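Working notes, structure below.
Here the structure is a predicted model, which means the values were calculated and not measured. Just so we're on the same page: letters track the sequence lines, and every chain starts at 1.
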Amino acid sequence: MAKNLLIVESPAKAKTIEGYLGKDFVVKSSYGHIRDLVKSEDAIDIAHDFQQKYEVPADKKQVVSELKKLAKEAEVIWLASDEDREGEAISWHLFETLGLKEANTRRIVFHEITKPAIIRAIENPRTINYHLVNAQQARRVLDRLVGFELSPVLWKKVKPSLSAGRVQSVAVRLIVDREREINKFQSEAAFRVTAIFGKGREAFKAELNERFAKQEDAEKFLNDCIGADFNVKSLDTRPAKRSPAAPFTTSTLQQEASRKLGFSVSRTMSVAQKLYESGRITYMRTDSVNLSDTALNAAASEIVSAYGQQYHQQRQYKTKSASAQEAHEAIRPTYFNVHSFEGDNAEKRLYELIWKRAIASQMSEAQFERTVARISVSTRPEELVANGEVMKFDGFLKVYLESTDEDEKEDNIEEGDSAILPPLTKGQLLSLTEMTAVERYSRPPARYTEASLVKKLEELGIGRPSTYAPTISTIQNRGYVVKEEREGKTRAYRVLTLKNSSIAKEEKTEITGADKNKMFPTDIGAVVNDFLVQHFNGIVDYHFTAGVEKQFDEIAQGLQEWTVMIRKFYDPFHQEVETTKATADRASGERELGVHPESGKKLSVRIGRYGPFVQIGEADDEQKQYASLRAGQMIETISLEEALELFKLPKKVGLFEEKEMTVAIGKFGPYIRHNSAFYSLPKGIDPLDVAEDQAIEIILDKRKRDAERLIKTFDENPEVKILNGRWGPYIEFEKLNVKIPKDKDPHTLTFDEVKALADATAAEPKKGRFGKVIAAKAAPAAKKATTAKKQAAKKSPAKNAPAKKSTGKK
DNA sequence: CAGTGAGCGAGCTTCCGCTTGACTT
């Protein structure tokens, strides 16, 4: 029996610490919070100082009972949860739930998992800080009150099952607001003039320090340059330097992994989790940029031995974000001398990124010599500017360069493209090789990526490292925003080129507004947002969280009573909820587009039961017509013309094999429907303009391609097919596709084996996209009586399960 | 991948933060 029980939050941490402490200590993990507010309405007793009702959730029961048992046996219990608001509350919940006694309970904290840090912590125990616990309770209660009072308002006024909350609603607002900025953005075109001087290796580029709004002005400038003298008017050379970025926090890791590796934030977190669990990196949910002394020394010796002393420079970084609680170190390799390991590709790439960033953060700055050459034009007052940069010492750039988001790359004249300039002298006469004036459009603000949204949230102090990824998922799961690729439009721009004393004009085209993996608001997102902004502006204000955080800080310092603070917030808030419920109109985002030209009836667009749609005619019109909006179309921006287009499809295009062919647009784009089968239209064909023989051709072509993929059929049932798919061979029968396992040869499968495979797949519980079981497995009979109710409750939503089982028959 | 778009009502949904696992498209 161990004398000491030490409890931390994370099991991986527990394992490491156990190794440091020897056999007198048993180190266990609480797996995060062990209690939460009950789900029901009585979780918070509003009338009695917001008293809370907590329970141990089902999945924590086992952890709690094991800890309870160990605590009973131990002489001293060490509560070593993180040193932040949540960590303090975890210690308190442990104290209460495990029935601990003050006499043999110690609260300890450390910010790094190193042996000396742990020993030091054990030598300096304290008691639970109840001010901090109160601050956490205030946070928890406020979030519950906001979330569980606002959401039902949405169910009543917009649509069931929607949600609102302090964090998610602001995240949606950011995306909606950004989209509107983009919509109303008026891009302006101007001619940007660049010149190339010299030839071959001596050639360099310069840019005019002014842009021309009108083509004739640009043309006049180029004209004036014919035969003009170009002189180096001034030459300014000065040293410049560049410093490395701080080591990773959760949010900066998510940003860089998104930019450099193309990872979604949730992918980054799950790969990082694996690295953490296998002991490769320190904890991945952190807002701190600190490195422990151990880490600083290890990084130093790694740098010195690999690159030399002159590359090392010790640095401690300061956290920029005010909301940081810094319970952990920055994200870094556990051992800097580990450069590679066995593991999957994603793990290796993310590790490399973390390693480089952490190492670079302890390296010397890079040194440059930056030259700005100003070039005068004898016939004009304007100047051309050439920027040159020569690296004198690479420093940290030897290892790592932080990338930037697109929207941060400004094509600034003074700091534009830097290249190497040939040796120049003041007054030197230059020979012009070519000059171009290109029409450039100003760009609207960039849409958010998952990662840039996280960055913005962090700047606003909204959300925590452990919630960034889940928040991004929530707002997508609720249908408020979608991450999509959208095609841009082509736009023409003009180019004037001056070469050999003559000016050539041409028109070129570029694609604008194309976006990949960006966050777009949906109609429901916009409607919910507008509703919340109208009725609960205080909550969805960008600075609401910052305001309450300030108060939580005061509570944590004992300067304010948490119940007083919550009361001050809650009473007026609740009043708003009540009046909104009673008086606000239903929100459907309805917008009148105008009049249907043929019938003269009203044409309007709004959200309906099945999503956004256009309607011709008033609500009481018996002849009214509907059409759903298509992907990429929004209530806010759809035009009358686009809406009218929607009524032109589906369209009958002719007969084939005595059956009708119909062209329509579905979720996955335009298609031909024939004899209950779907044939997607190849790109570039206008669905409104498909001829009969063209449609037949498309159908025949698809059939031919399907025949090529066919591996075998069966006499027992000709509708069962084995086909070659994108991911290998599979069985196709009715709507069910079943993958054939790698160890089976698709050519020799018997009908019975196929049937067995199909049946096995049909019987498996289908996992929903978000991990919820849709069709539950037959529940094992031996379950605790207390959970029986919940089991029953969980089963009921699986109404659609039986439908899927019918695949074996018919 | 269709078309659907009324209303009633029972019973459901929902927050943020702290953890890991158990699943696949």
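When the ring pair (Phe, Tyr, Trp, His ring centres under 6.0 Å) test is applied to A:Y542, no partner is found at least two apart in sequence or on another chain. The side-chain contact (heavy atoms from CB on, under 4.5 Å) test applied to A:K652 returns A:E660, A:T662, not counting sequence neighbours. Remark: A:K624 pairs with A:Q615, A:D621, A:Y626 by the side-chain contact (heavy atoms from CB on, under 4.5 Å) rule, at least two apart or across chains. Applying the side-chain contact (heavy atoms from CB on, under 4.5 Å) rule to A:E96 yields the partners A:R35, A:W92; only residues at least two apart in sequence or on another chain are considered.
The separation between A:E88 atom CD and B:dG17 atom C1' is 16 Å, rounded to whole Å. Here the C1' atom of nucleotide B:dT4 and the CD1 atom of A:I607 are 16 Å apart, to the nearest Å. One can place CE of A:M284 at 17 Å from P of B:dG17, the figure rounded to the nearest angstrom. At whole-Å resolution of the value, CD in A:E86 and C1' in B:dC18 are 6 Å apart. In this structure, A:H328 atom NE2 and B:dT19 atom P are separated by 6 Å, rounded to whole Å.
Nucleic acid contact for A:A664: none, since no nucleic acid atom lies under 4.0 Å from a heavy atom of the residue.
Between B:dG17 and A:R144, no contact under 4.0 Å exists linking OP1 or OP2 to a side-chain N or O. OP1 or OP2 of B:dT19 has at least one side-chain nitrogen or oxygen of A:Y283 nearer than 4.0 Å. Within the 4.0 Å cut-off from OP1 or OP2 of B:dC15, at least one side-chain nitrogen or oxygen of A:R478 is found. Between A:Q615 and B:dG5 there is no side-chain polar atom (N or O) within less than 4.0 angstrom of OP1 or OP2. Not one side-chain nitrogen or oxygen of A:R35 sits closer than 4.0 Å to the OP1 or OP2 atom of B:dT19. A:T467 has no side-chain polar atom (N or O) that falls below the 4.0 Å cut-off from OP1 or OP2 of B:dC16.
A:Y480 does not carry A:R478 over the face of its six-membered ring by the limits of under 6.0 Å from the centre and within 45° of the normal.
Here the nucleotide nearest the side chain of A:S10, chosen from B:dT20, B:dC16, B:dT14, is B:dT20. Taking only side-chain atoms of A:D82, from C-beta outward, the nucleotide of B:dT14, B:dG3, B:dC18 with the closest atom is B:dC18. The side chain of A:Q168 has B:dC15 as its nearest neighbour among B:dC15, B:dT20, B:dG17. Looking at the side chain of A:R464, the nearest of the listed nucleotides B:dT19, B:dA2, B:dG17 is B:dG17. For A:F678, the side-chain atoms get nearest to B:dC1 when compared with the rest of B:dC16, B:dC1, B:dT14. The side chain of A:E277 has B:dG21 as its nearest neighbour among B:dT4, B:dG17, B:dG21. Side-chain atoms of A:K39 lie closest to B:dC15 of the nucleotides B:dC15, B:dC18, B:dG17. The side chain of A:S151 sits closest to B:dC15 out of B:dC16, B:dC18, B:dC15.
Residue A:Y671 and nucleotide B:dC1 are not classified as a stacked aromatic pair, given the requirement of ring centres less than 5.5 Å apart at an interplanar angle below 30°. The stacking criteria are not both satisfied for A:Y31 over the base of B:dT19, which would need a centre-to-centre distance under 5.5 angstrom and an angle between ring planes under 30 degrees. The aromatic ring of A:Y626 is not stacked on the base of B:dG5, since the criterion of ring centres less than 5.5 Å apart with planes inclined by under 30° is not met.
With no hydrogens or angles considered, no side-chain donor-acceptor pair links A:R673 and A:Y671 at under 3.5 Å. For the residue pair A:S251 / A:E458, a side-chain donor-acceptor distance below 3.5 Å is found, with atom types taken as modelled. Donor-acceptor pairing under 3.5 Å is lacking for the side chains of A:T97 and A:Y54.
Within the structure, salt bridge (charged side-chain N to carboxylate O under 4.0 Å, His left out) contacts touching residues 146-165 of chain A (residues at least two apart or in different chains) do not occur.
With DNA chain B read from its 5' end, the first of the two nearest nucleotides for A:F148 and A:G87 is the one closest to A:F148. Residue order along DNA chain B, read from the 5' end via each residue's closest nucleotide, puts A:R606 first among A:I90 and A:R606.
The base of B:dT13 sits within donor-acceptor range of the side chain of A:S161, with an N or O pair under 3.5 Å. Residue A:R139 places a side-chain atom within donor-acceptor reach of the base of B:dC16, judged by atom type and a 3.5 Å distance cut-off alone. You'll find a donor-acceptor pair under 3.5 Å spanning the side chain of A:R140 and the base of B:dC15, going by distance alone.
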Practice task
Both distances under 3.5 Å, Watson-Crick or G-U wobble: on that basis, could you give the dot-bracket string for DNA chain B, with [ ] for crossing pairs and | for other-strand partners?
Solution key: .........................
